[in-house]
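Just so you know, ligand 1 is whichever comes first in the structure, and atom 1 is the first atom listed for that ligand.
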Amino acid sequence: MDAIAPVVVDLSCALENPGDSLPVTGKLELEGYSSGDKAYTLDDGISYDVVLTHAGDGVLATGIVRARAAGACDRCLESATFDIAGEIEEYFLFEEPEDPEEFEDGFELVGPERTIDLSGAISDAVVMDTPFVLLCRPDCAGLCPQCGANLNEGDCGCAAASEQAWVDSDENPFAALKNLNL
Ligand SMILES: [Zn+2]
Ligand SMILES: [Zn+2]
């Protein structure tokens with residue numbers, strides 16, 4: 001996903017003691033996003049609902065992102081819509097750890113002004129919940145490989161025609177039989 005604008009939360013007057021928590025909700029007014037080589041449009045931006053918790057050596061951000069998105073069906077290329085409800089879980093350390101390998105799931109750092117930027121966690125959650133294969137409907141018939149017609153709109157006739165061509169072709173081992181007069 002392309003980098004989105006920073007979503008900065010100022011913690012200077014919050015989360016002073018371990019266990020303190022701070023809810024953070026908002027909406028990103030984004031028209032769309034991309035993931036891999038695919039582009040998606042968003043109906044109404046990306047909403048996020050996150051709780052920040054002081055966890056001793058850092059701030060744990062957990063929550064959810066929601067969006068309604070649309071992209072091209074992988075079979076017929078028509079528009080297909082889907083709902084995103086992706087989970088956010090990100091750890092922001094107050095200081096660079098002595099042993100980074102201790103944090104297997106990775107971490108970010110709290111900024112020098114005691115701010116954190118949720119944009120990376122939000123875009124990761126959106127991408128994670130974007131379907132790997134997008135279909136306009138589960139039984140989408142796709143496009144005809146020969147003429148490109150959308151087979152959801154009816155049979156283009158190519159499949160029947162090519163079956164007939166094969167029956168008549170030399171590649172059909174039974175083709176010779178039909179001229180046999182037994
Ligand atoms: Zn389709
Ligand atoms: Zn066709």
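Centred on the Zn ion (ligand 1), the SG atom of C136 and the SG atom of C73 lie at an angle of 110°, reported to 10°. Remark: at the Zn ion (ligand 1), atom SG from C140 and atom SG from C76 enclose 110°, rounded to the nearest 10 degrees. Here the angle centred on the Zn ion (ligand 2), running from SG of C144 over to SG of C156, is 110°, rounded to 10°. Vertex the Zn ion (ligand 2), arms ending at SG of C147 and SG of C158: the angle is 110° after rounding to 10 degrees.
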Give the C-alpha distance, both sets of side-chain angles, the deciding distance and a yes or no for ring pair (Phe, Tyr, Trp, His ring centres under 6.0 Å) between F92 and H54.
CA-CA 10 Å; F92 296 85; H54 189 315; over 10 Å; no

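No continuous path of hydrophobic side-chain contacts links L93 to L52 [ILVMFWY only; heavy atoms under 4.5 Å].
A donor-acceptor contact closer than 3.5 angstrom links the side chains of N152 and R137.
Residue S123 holds its OG atom at 8.0 Å from CD1 of I46, rounded to the nearest 0.5 Å.
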